[in-house]
Protein chains: 2
Amino acid sequence: MAERELLLLGLLRRENMHGYKLNEFIENDLAICTDLKKPTAYFLLDKMAKQGWIEQYDETQSGGRPPRRMFRITAAGESVFQDLLRARLKTFDPARFTADPALAFVDALDSAEAHALLSQRRAGLAAELDTMRAVPEHPGTFGFVIAHRIAHLEAELRWIDDVIAHLRAL
Amino acid sequence: MAERELLLLGLLRRENMHGYKLNEFIENDLAICTDLKKPTAYFLLDKMAKQGWIEQYDETQSGGRPPRRMFRITAAGESVFQDLLRARLKTFDPARFTADPALAFVDALDSAEAHALLSQRRAGLAAELDTMRAVPEHPGTFGFVIAHRIAHLEAELRWIDDVIAHLRAL
DNA sequence: TTTTCCATGTAACTCGTTACATGATTTC
DNA sequence: GAAATCATGTAACGAGTTACATGGAAAA
């Protein structure tokens with residue numbers, strides 16, 4: 001549903017950027033909510049430029065460095081951004097949990113091993129939750145993303161405790 | 001991480017099946033936790049047969065119907081299944097929410113529209129939660145999967161209410 | 001007799017990733 | 001002089017999907 005285009009347009013809307021900086025920002029600051037990779041970003045930037053959603057221009061640098069290929073969003077791109085944003089916000093689609101099929105097969109293991117594995121899982125989860133809680137307050141709406149992550153980690157923790165308790169009861 | 005192979009092996013472990021029935025079961029009963037498609041299933045079955053994880057045999061049918069291509073798991077396949085299951089259970093990896101980048105850009109909309117869109121989102125979410133709560137008790141460990149889904153839908157609902165409240169406060 | 005269900009597959013395509021390739025500049 | 005960082009890309013591959021293709025049997 002073009003989440004990646006939405007992300008790139010949203011970033012370019014705030015500030016004109018070149019590919020390298022865009023990638024750097026995504027890797028460093030946005031890793032929690034996206035996994036967009038460098039070649040994909042370059043590919044999408046070219047594609048969006050062809051579609052007229054963004055424009056390229058060269059920015060000459062000081063110190064004899066080669067010019068950077070900068071991107072700016074166009075009016076058409078802004079309109080696409082708004083449409084994508086609305087579409088993405090208005091409908092909820094449930095995430096899939098890749099471990100769910102495995103979980104349904106947990107009865108294939110003896111209960112001691114199942115318990116050990118799930119405890120390990122719980123530990124990783126708790127560690128991740130601690131990490132997220134330690135993240136400093138984020139400016140603006142990005143705080144929602146952190147809160148989102150924390151809410152689901154807490155739900156996951158309660159649920160795994162429930163699963164462990166149920167298995168123990170068998 | 002070979003979740004799909006794990007799923008197919010897990011099903012074949014319980015009962016020998018042919019491709020059609022496997023697909024039917026996945027589509028009808030397992031749609032909540034997987035989106036494995038028919039051509040993918042046939043492809044994986046062939047691949048796993050080549051690797052010796054499963055074996056094929058023809059089952060002649062009554063009524064002059066053509067024989068069905070049945071699959072059964074091998075000892076090697078059982079061992080792969082166990083390994084994949086353990087690997088998948090022991091580590092937790094956080095799900096990504098495709099709407100998160102969009103959410104971080106919610107300030108690009110005026111607050112009335114943002115509120116309207118998020119309310120629509122909330123309604124879809126609440127409907128999905130009702131559906132899940134109406135699912136009858138499931139036998140065995142599959143109940144965990146339903147409980148998992150419900151736990152996360154509830155977390156999502158609380159969080160979206162929080163987001164709406166915050167936006168209103170601006 | 002026409003539609004639906006059972007049953008099996010293939011071909012082409014899309015999307016995204018990994019790994020590779022290049023070169024200039026700045027820092028150690 | 002070597003290593004890291006800035007900066008931009010491409011080629012090959014892999015996984016999975018859509019759409020297509022086929023044919024027999026049962027039900028309407």
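Note that this is a predicted model, so its numbers are computed, not measured.
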Could you tell me the separation between the [atom1] atom of [X] and the [atom2] atom of [N], rounded to a whole number of Å?
X	N	atom1	atom2	value
A:Lys38	D:dA7	NZ	C1'	9 Å
B:Leu36	D:dT17	CG	P	7 Å
B:Leu44	C:dT8	CG	P	16 Å
B:Glu5	D:dG16	CD	P	7 Å
A:Leu8	C:dG16	CG	P	11 Å
B:Leu7	D:dG16	CG	P	12 Å
B:Glu27	D:dT17	CD	C1'	13 Å
A:Leu45	D:dG9	CG	P	9 Å

Inset, instruction - Considering only NZ, NE, NH1 and NH2 on the basic side and carboxylate oxygens on the acidic side, decide whether A:Arg88 and A:Asp93 come within less than 4.0 Å. - result: yes
Legend entry - Salt-bridge contact B:Asp161-B:Arg158 (side-chain N to carboxylate O under 4.0 Å):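 Here B:Asp161 does not pair with B:Arg158 in a salt bridge, since their nearest N and O are not under 4.0 Å apart.
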Inset, instruction - Return yes if the base of C:dT18 and the side-chain atoms of A:Lys37 contain a donor-acceptor N/O pair under 3.5 Å, otherwise no. - result: no
Base, sugar-phosphate, or nothing for [X], non-hydrogen atoms under 4.0 angstrom?
X	answer
B:Pro39	base
A:Asp46	nothing
B:Lys21	nothing

Inset, instruction - May I ask you to test the B:Gln120-A:Arg86 pair for a side-chain heavy-atom distance under 4.5 Å? - result: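 No. Closest side-chain heavy atoms not under 4.5 Å.
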Legend entry - pair B:Val145-B:Phe142: side-chain heavy atoms closer than 4.5 Å: yes
Taking only side-chain N and O atoms of [X], does any of them lie within less than 4.0 angstrom of OP1 or OP2 on [N]?
X	N	result
B:Gln61	C:dA7	yes
B:Tyr20	C:dC6	yes
B:Tyr42	C:dT8	yes
A:Thr40	C:dC15	no
B:Arg4	D:dG16	yes
B:Arg69	C:dG9	yes

Inset, instruction - Look at the rings of A:Phe97 and B:His152 and say which category their plane angle falls in: under 30° parallel, 30 to 60° tilted, over 60° perpendicular. - result: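 Correct class here is tilted.
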